[in-house]
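This is a predicted model, so every value here is computed, not measured. Chain A is the first sequence line, chain B the second, and so forth, proteins listed ahead of strands; every chain is numbered from 1.
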There are 2 protein chains.
Amino acid sequence: MAASALERGMDKSLQIAEARVPLDPNQEDRAQFIRDSLRDAIVDRRLSPGTKLSEAEVGTLFDVSRTVVRAALQMLAFEGLVKVERNRGAFVSDPTPEEALQVFASRRLIEPGIIAAVIERVTAADIAAFRSHLAEETRHKQERGAAARRAEIKASGDFHLMLASVAGNAILQKFMDELVARSSLVIALYGRSGASSCGHNDHADLLDAVEARDVPRAQALMLRHIGHIEADLDLRVKAGLTLKDALAL
Amino acid sequence: MAASALERGMDKSLQIAEARVPLDPNQEDRAQFIRDSLRDAIVDRRLSPGTKLSEAEVGTLFDVSRTVVRAALQMLAFEGLVKVERNRGAFVSDPTPEEALQVFASRRLIEPGIIAAVIERVTAADIAAFRSHLAEETRHKQERGAAARRAEIKASGDFHLMLASVAGNAILQKFMDELVARSSLVIALYGRSGASSCGHNDHADLLDAVEARDVPRAQALMLRHIGHIEADLDLRVKAGLTLKDALAL
DNA sequence: AAAACAGATATTGCGTTCAATCTTGTGGCT
DNA sequence: AGCCACAAGATTGAACGCAATATCTGTTTT
């Protein structure tokens with residue numbers, strides 16, 4: 001319930017998922033583990049856009065050398081979640097309104113295709129998994145608080161990733177990974193209601209159409225859904241938010 | 001004709017573009033430079049799939065430390081052009097037939113969308129640039145030899161990249177970068193006639209439709225074109241090429 | 001007083017080094 | 001003779017340290 005109490009503890013340190021060495025999962029690929037932790041933190045908006053990710057600081061938090069941190073940051077840079085500037089360091093990226101539009105334009109292109117592939121390959125077990133996930137989603141939607149909202153955004157993204165996974169194309173799945181992560185960042189930045197779900201039940205409707213194997217309808221619902229998410233954005237806000245403007249109030 | 005003699009010279013060394021320190025272009029981002037050199041070499045098939053890219057060896061060739069090489073290899077791994085195996089090293093990727101199909105399925109999804117965007121934004125200057133590029137392409141097509149064939153494959157890919165660039169969506173452009181590179185690898189591996197252009201003039205036709213701003217026709221031509229490329233593949237060949245089979249002849 | 005310069009500090013870029021892991025070659029055992 | 005075990009060599013993984021660059025502070029100059 002009051003899970004947002006967790007967020008209090010962030011004095012001046014980075015406040016990533018685990019405060020210190022969450023134990024090496026399997027001792028392999030620590031860079032990947034750090035990348036995942038950072039990505040979750042970024043997508044969850046525990047790390048806000050523009051935040052500097054100092055190599056030394058992250059290294060201390062995870063108890064690894066800067067070498068490993070560097071690898072993780074480079075991966076995130078490829079996904080577009082952080083921006084690295086030469087001799088200056090890595091920062092959580094701060095997508096411009098234009099980039100935000102490009103993210104959704106890309107999704108509009110790819111996701112209908114994914115839907116078509118899903119309908120070709122989806123099994124009864126998949127449908128059950130989707131329904132179960134949907135229940136989880138609506139649960140979050142009814143809760144209050146920043147933590148629940150974050151969980152909702154994340155769950156909403158996961159729904160799309162599940163679709164991509166069922167579609168069975170590894171390349172498209174990777175693209176969707178990136179697009180969903182970037183979307184979360186955009187929504188966190190520009191979202192008006194904070195959640196992409198202002199009264200709609202898009203995922204449930206979409207799933208119905210998928211189960212009915214109605215390709216055109218499912219694709220139309222997907223496009224409508226993306227439209228809903230986009231409509232919830234207020235791209236003006238951040239447009240000219242320079243330090244000067246920010247302090248002018 | 002017997003231009004393939006060029007490939008003979010690769011005794012045991014890697015045979016990348018420049019034999020040694022091609023001068024730091026601007027002293028910045030040497031890793032990126034190495035990545036580009038390696039990518040060109042892979043796409044051109046001067047480095048064949050499966051080749052091991054030893055950190056030390058590449059480092060020596062470019063006269064940098066392994067640290068920088070590592071960064072370059074990691075980038076290529078993200079693009080899917082090399083595969084890194086833990087504690088074993090990096091290898092030029094060797095896409096399976098299934099991966100090959102996924103590459104083209106992805107392109108079928110994305111490129112028609114790019115075409116639509118292009119027709120919305122293309123200028124007369126762009127058209128001129130395309131025509132100029134096309135002339136270059138046909139020139140290569142009429143030449144003989146492995147070098148010309150490589151140049152043709154590369155030019156053909158560049159045409160699609162030019163389209164992506166005109167479309168004006170940086171994210172899709174990055175996706176296309178990856179897809180075109182992977183396509184080149186797949187064509188090099190599975191291509192029957194070696195070039196994607198067995199008698200067709202797809203690019204010219206496509207460009208005509210774009211200039212006429214006929215979206216449906218241009219999209220149809222794009223799909224047909226991708227179909228042509230795919231039809232030129234022989235995915236059986238490599239299908240079961242295990243060591244055992246390879247030696248069975 | 002504001003701008004500009006200069007030194008001090010912090011951070012990144014990257015070469016080097018040591019430990020861990022994989023590969024290869026040799027020798028003993030069945 | 002064939003197979004397994006073991007050791008030597010080679011290669012990657014990751015920490016460390018130094019040099020280069022950017023940032024910050026305090027002072028000087030206009």
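If you take CD of B/Glu55 and P of D/dA10, they are 17 Å apart, rounded to a whole angstrom. Summarising the geometry, the separation between CG on A/Asp63 and C1' on D/dC16 is reported as 15 Å, rounded to the nearest angstrom. Note: CG (A/Asp29) to C1' (D/dT12) measures 13 Å, nearest angstrom. Straight-line distance from the CD atom of A/Glu85 to the C1' atom of D/dT23: 14 Å, rounded to whole Å. Rounded to a whole Å, the CD atom of B/Gln74 is 11 Å from the P atom of D/dA14. For the pair B/Phe62 CZ and C/dG15 P, the interatomic distance rounds to 14 Å; values are reported in whole Å. Distance CZ (B/Phe33) to C1' (C/dC14): 18 Å, rounded to an integer number of Å. In this structure, CZ of A/Arg66 is placed 13 Å from C1' of D/dA14, rounded to the nearest angstrom.
With C/dT12, D/dG13, D/dA15 as the choices, the nucleotide that has an atom nearest any side-chain atom of A/Lys52 turns out to be C/dT12. Minimum atom distance to the side chain of B/Val68 is reached by C/dG15, of the listed C/dC22, D/dA22, C/dG15.
Both A/Thr67 and A/Ala90 sit near DNA chain C, but only A/Ala90 has its closest nucleotide nearer the 5' end. If B/Asn87 and A/Asn87 are placed on DNA chain D by their nearest nucleotide, the residue sitting closer to the 5' end is B/Asn87.
Between atom CD1 of residue B/Ile34 and atom CG of residue B/Leu53 there is a gap of 11.5 Å, rounded to the nearest 0.5 Å.
A close approach under 4.0 Å does occur between a side-chain nitrogen or oxygen of B/Arg88 and OP1 or OP2 of C/dT23. Distances shorter than 4.0 Å separate some side-chain N or O of A/Arg86 from OP1 or OP2 on C/dC14. For A/Arg70, a side-chain nitrogen or oxygen approaches OP1 or OP2 of C/dG13 to under 4.0 Å. Between B/Ser65 and C/dG15, a side-chain N or O to OP1/OP2 separation shorter than 4.0 Å is present. Between B/Arg30 and C/dC14 there is a side-chain polar atom (N or O) within less than 4.0 angstrom of OP1 or OP2.
In the model, A/His160 has a side-chain atom that pairs as donor or acceptor with a side-chain atom of A/Arg107 under 3.5 Å.
Closest approach of B/Ala31 and B/Ala72 over heavy atoms only: O-CB, 3.5 Å.
The pair B/Arg35-B/Glu79 meets the salt-bridge criterion, with a side-chain N (NZ, NE, NH1 or NH2) lying under 4.0 Å from an Asp/Glu carboxylate O. Look at A/Glu178 and B/Lys174 and you find a salt bridge, because one of the NZ, NE, NH1 or NH2 atoms lies within 4.0 Å of a carboxylate O, short of that distance.
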